[in-house]
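Please read the structure below before turning to the comments.
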Protein chains: 2
Amino acid sequence: MTRKILLLTQGHTNPHTAKTASSVIRYRPEEAVALLDNTQAGKTSGDLLGVGDKPVVSTFDEAPGCDTLLIGIAPPGGSIPKEWRPIVLEAMARGMNVVSGLHDFFTDDAEFSAAAAKHGVELTDVRKNNVRCIALRQGLDESTLRIHTVGHDCSIGKMTAALEIEAGLRRRGHDSQFIATGQTGIMVSGAGLPIDCVTADFISGATESLILENQKHKILVVEGQGSLVHPAYSGVTLGLLHGCSPHGLIFCYEYGRTEVAGYPGRKLPPVPEFIKICESMANQMQPSQTIGVVINARTASDDELERERDAMQSATGLPVVDVFRNGVEELVDAVEKLQQSRS
Amino acid sequence: MTRKILLLTQGHTNPHTAKTASSVIRYRPEEAVALLDNTQAGKTSGDLLGVGDKPVVSTFDEAPGCDTLLIGIAPPGGSIPKEWRPIVLEAMARGMNVVSGLHDFFTDDAEFSAAAAKHGVELTDVRKNNVRCIALRQGLDESTLRIHTVGHDCSIGKMTAALEIEAGLRRRGHDSQFIATGQTGIMVSGAGLPIDCVTADFISGATESLILENQKHKILVVEGQGSLVHPAYSGVTLGLLHGCSPHGLIFCYEYGRTEVAGYPGRKLPPVPEFIKICESMANQMQPSQTIGVVINARTASDDELERERDAMQSATGLPVVDVFRNGVEELVDAVEKLQQSRS
């Protein structure tokens, strides 16, 4: 059943914080109705997030017929902004279901749970899980190709790259599958596990379980998380990398980003060096090679993008694209080439 | 208050599985009374685990006066063996408190909780936590030296090395502190956090919180977990490494171990190469160097140990010791040298 989703981004309708909202608009356009943010009412998602043309409204009444409030942000730490509580309660009082990907589970919140029961609506915590799998490295089917998007920081397009490449593979008739490992990927694909929210001992095991469940497909494209040099999340990144044991890596980075977002002064290694770090850690588990590079060039002009592509192609010897402005065909070629070399 | 602890190791009184029991006997000898294992009754902890001389008994009646049953094993996955349930229930019926470091929380188990309430005893889950800290890299005091034990596999002595080195530092009058990051370390030191059991996004943040809390001391020795090439636990290892941002690393390995325990055929990198992997990942966060090597030589003769020390010293240029058979003085020297070089 298609939902009618109102995306809550109150005070945070910007591309970095509202990445969940952006992705739902991009990949579930038929379900996304509007954004709720009274500081930006009258603008559109295109104006503020650079995706789609959904209206930003300031009240529930301006988006009638919505049956679902979806929390459209992914803040570090995953807590709900205090001023959002009355908005969530109002949505439930109006009979709307609520979907959240925060670490603060709504279903564990006494006030929210009571309101949901009173109004007969559903609360869904996308990140809530009871995963308890140890990675065993048993049953991996080497005839299924495993591709994994890694990158130099959070929120730079690893999920988007994976979704776009997988769609490109399907357009060429491949039996491929996108594997979601974070709350937004799960919201847009309807499956997956929130790898950043499992118990630490089970990061690789949870990832391995996703691989084992999806080996009926011939190519898996596994969404990456964080980065191997991230001060807070590198553990998630490495456990995920080892759990999915990729044959091929796609390295993603944002044009112009030189420091870890939110950690001023913390320099990122240059891309060619960073690719070596990823390959070196991936190869501890499984022979693995980087087959392509994705630039998130949203801040670059067309000229800047082309210069960056040329420079990065020379530095790495790999195909380099912005998935929206250059398309994914060169990356799909690279996946096919890797598949052929292994068969 | 000193407890009187009966260690439950039923059917598993061997050095690998019963590592929690071994450590409690070694580091809490005044509290450990006996081991409960009716398959080994009449033997001692010295016979079976190579530590102390606590008797192994087959019934509760043979260890009168015990007020605490402590689960003495750390199985992969952290589940309780089924046949142990009646033993745990009997302990509670006899008025004993129960301490567990398993992932299966006893306090979430309806039957165990009901029995604890009925008999007025305490259930303690050492691994249960509600940690929600993001690593921020703020407030780190660079005048406190951070030492971290890393290693090539699980259960090879990273906690023991950290405890012994920290004790050696204190013997020389240093203001040092052992930082426990796993259930056994917490049980023997009475503080710390179970880093392998926090939510994945908070591995580094939980570790950082332990550092921030203990910076009143001048030297911290942080217990390591898992290994950077472990198929299941590498994420915990990297998040911990980055969260504690060590100035100095102590590399620990077991003599003769060439494969990851429990993963037949999965080769471990040679020690000198493995040290480079650890240093390379540590240096992504903080200038860091390896200052010593610990051999767990429990399966080696004295001759074999000496040959191994010579070979490893030549290969690495570092002091190499078995902490029990060679003592820790060379490692304490290395810590002092690092501290002097930074002041």
Side-chain angles (χ1 to χ4, degrees), chain A residues 75-79 103-104 127 129 131-138 182 194-208 225-243 245 260 262-266 268-269 274 276-277 280-281 283-286, chain B residues 75-79 103-104 127 129 131-138 182 194-208 225-243 245 260 262-266 268-269 274 276-277 280-281 283-286:
Chain A
S79 292
H103 274 299
D104 269 341
R127 257 180 176 156
N129 70 85
V131 167
R132 284 278 302 273
C133 333
I134 296 288
L136 299 173
R137 300 200 65 78
Q138 287 169 13
I195 298 301
D196 57 0
C197 202
V198 303
T199 295
D201 259 356
F202 307 126
I203 300 173
S204 298
T207 308
E208 190 179 89
Q225 297 291 336
S227 98
L228 285 178
V229 309
H230 195 282
Y233 309 125
S234 61
V236 173
T237 309
L238 184 62
L240 172 54
L241 179 69
H242 283 169
S245 273
V260 181
Y263 297 79
R266 183 149 288 275
L268 290 166
F274 211 136
K276 282 191 193 127
I277 297 169
S280 136
M281 293 314 289
N283 275 281
Q284 295 302 332
M285 207 50 58
Q286 158 85 34
Chain B
S79 293
H103 274 299
D104 268 341
R127 257 182 175 154
N129 70 86
V131 167
R132 283 277 302 273
C133 334
I134 295 289
L136 298 174
R137 299 201 65 77
Q138 288 170 11
I195 298 299
D196 57 0
C197 202
V198 303
T199 295
D201 259 357
F202 307 127
I203 299 173
S204 297
T207 308
E208 190 180 88
Q225 296 292 336
S227 97
L228 285 179
V229 310
H230 196 282
Y233 308 126
S234 61
V236 172
T237 309
L238 184 61
L240 172 54
L241 179 68
H242 283 168
S245 273
V260 181
Y263 297 78
R266 183 148 288 275
L268 289 166
F274 211 137
K276 282 191 194 129
I277 296 169
S280 139
M281 292 314 288
N283 275 280
Q284 295 302 332
M285 207 51 59
Q286 157 85 36

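All chains are named by letter (A, B, ...) in the order of the sequence lines, taking the proteins before the strands, and each is independently numbered beginning at 1. What's counted below: heavy atoms across the whole structure, side chains too, no hydrogens, waters or symmetry copies.
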Fill in: Distance in Å, B:His103 NE2 paired with A:Ile134 CD1, rounded so as to fall on 0.5 Å steps
6.0 Å
Discussion item. Heavy-atom pairs under 4.5 Å with chain B: which of A:Gly205, A:Pro194, A:Cys197 has the most?
Written reply: A:Cys197
Worksheet item: Closest approach of B:Val229 and A:Met285, non-hydrogen atoms and distance?
Response: O-CE, 3.4 Å
Fill in: Spacing of OH belonging to B:Tyr263 relative to CG belonging to A:Leu136, to within rounding of 0.5 Å
5.5 Å
Worksheet item: Looking at B:Gly239, B:Gly262, B:Ala232, which has the largest count of heavy-atom pairs under 4.5 Å with chain A?
Response: B:Ala232
Fill in: Contact origin within A:Ser79 toward chain B - heavy atom pairs under 4.5 Å
both
Response to the item:
Whatever's closer than 4.5 Å to a heavy atom in chain B on A:Ile277 counts as side chain
Worksheet item: Once you round to the nearest 0.5 Å, how far does CZ of A:Phe274 lie from CD of B:Gln284?
Response: 7.0 Å
Worksheet item: Quick one: does B:Asp201's side chain get under 4.5 Å of A:Arg127's, heavy atoms only?
Response: yes
Worksheet entry | Nearest non-hydrogen partners of B:Ser234 and A:Ser204, listed with the distance | OG-OG, 4.5 Å
Item to complete: Name the member of A:Ser280, A:Gly235, A:Gly243 that forms the most heavy-atom pairs with chain B at distances under 4.5 Å.
Response: A:Gly235
Worksheet entry | For the student: nearest non-hydrogen atoms of A:Ile195 and B:Ala200, plus distance | O-CB, 3.5 Å
Discussion item. Less than 4.5 Å to any heavy atom of chain B: does that hold for the side chain of A:Pro269, its backbone, both, or neither?
Written reply: side chain
Discussion item. Once rounded to the nearest 0.5 Å, what's the spacing between atom NE2 of B:His242 and atom CG of A:Leu228?
Written reply: 8.0 Å
